[in-house]
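When a ligand or atom number is given, it counts from 1 through the structure's own listing order. Excluded from the calculations below are hydrogen atoms, water molecules and symmetry mates; all remaining heavy atoms, backbone and side chain alike, are included.
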Amino acid sequence: MVVQAYWSEQAACRDTHAEDLFADSATQKRAKAVCTACPVRIDCLTEALDSRVEFGVWGGMTERERRALLRRRPHITSWRPVIERPQSADREAARPSTPSA
Ligand code: SF4
């Protein structure tokens with residue numbers, strides 16, 4: 001039997017200082033850059049949206065971005081199928097923006 005490792009063990013940010021993910025907005029924008037190539041970004045974002053995590057960068061989205069998305073889509077309680085569904089307006093809304101320099 002193969003035991004699936006918990007997604008956070010594969011997180012690109014596992015060696016990042018946690019304060020960078022929970023810092024001011026300028027620092028969070030830089031932290032989001034780590035998320036762009038993270039192999040578990042969907043798992044991370046799904047957990048944050050499903051659990052209504054209020055603070056920090058998760059799945060490439062800041063807390064402010066997640067709050068805005070949840071306000072626009074209050075009917076969604078399980079985000080994985082939405083995020084994984086191709087060509088979904090909700091998926092596009094959940095797509096993290098590219099951090100600006
Ligand atoms: S998506 Fe970003 S915050 Fe989430 S595990 Fe990956 S690097 Fe960390």
Those atoms of ligand 1 less than 4.0 Å from some heavy atom in Cys35: 1 (S), 2 (Fe), 3 (S), 7 (S)
Any donor-acceptor N/O pair, Arg41 side chain to Cys38 backbone, under 3.5 Å: no
Report whether Val34 and Trp7 are members of the same hydrophobic cluster (ILVMFWY, side-chain heavy atoms less than 4.5 Å apart, transitive linking). no
Does Arg66 reach the main-chain N or O of Gly56 with its side chain, forming a donor-acceptor pair under 3.5 Å? yes
Considering the options Arg72, Arg71, Lys32, which one meets the salt bridge (charged side-chain N to carboxylate O under 4.0 Å, His left out) requirement together with Glu65? Lys32
At less than 4.0 angstrom from any non-hydrogen atom of Ala11, what atoms of ligand 1 do you find? 5 (S)
Counting only heavy atoms from other residues, nucleotides and ligands, does the tally under 6.0 Å from CZ of Arg64 exceed 12? no
Side chain, backbone, both or neither: Leu45 near ligand 1, heavy atoms under 4.0 Å: neither
Ligand-residue contact atoms, ligand 1 with Cys38, heavy atoms, under 4.0 Å: 1 (S), 5 (S), 6 (Fe), 7 (S)
Any N/O/S of Cys44 under 2.8 Å from atom 8 (Fe) of ligand 1? no
Any idea which atoms of ligand 1 are less than 4.0 Å away from a heavy-atom of Val57? 3 (S)
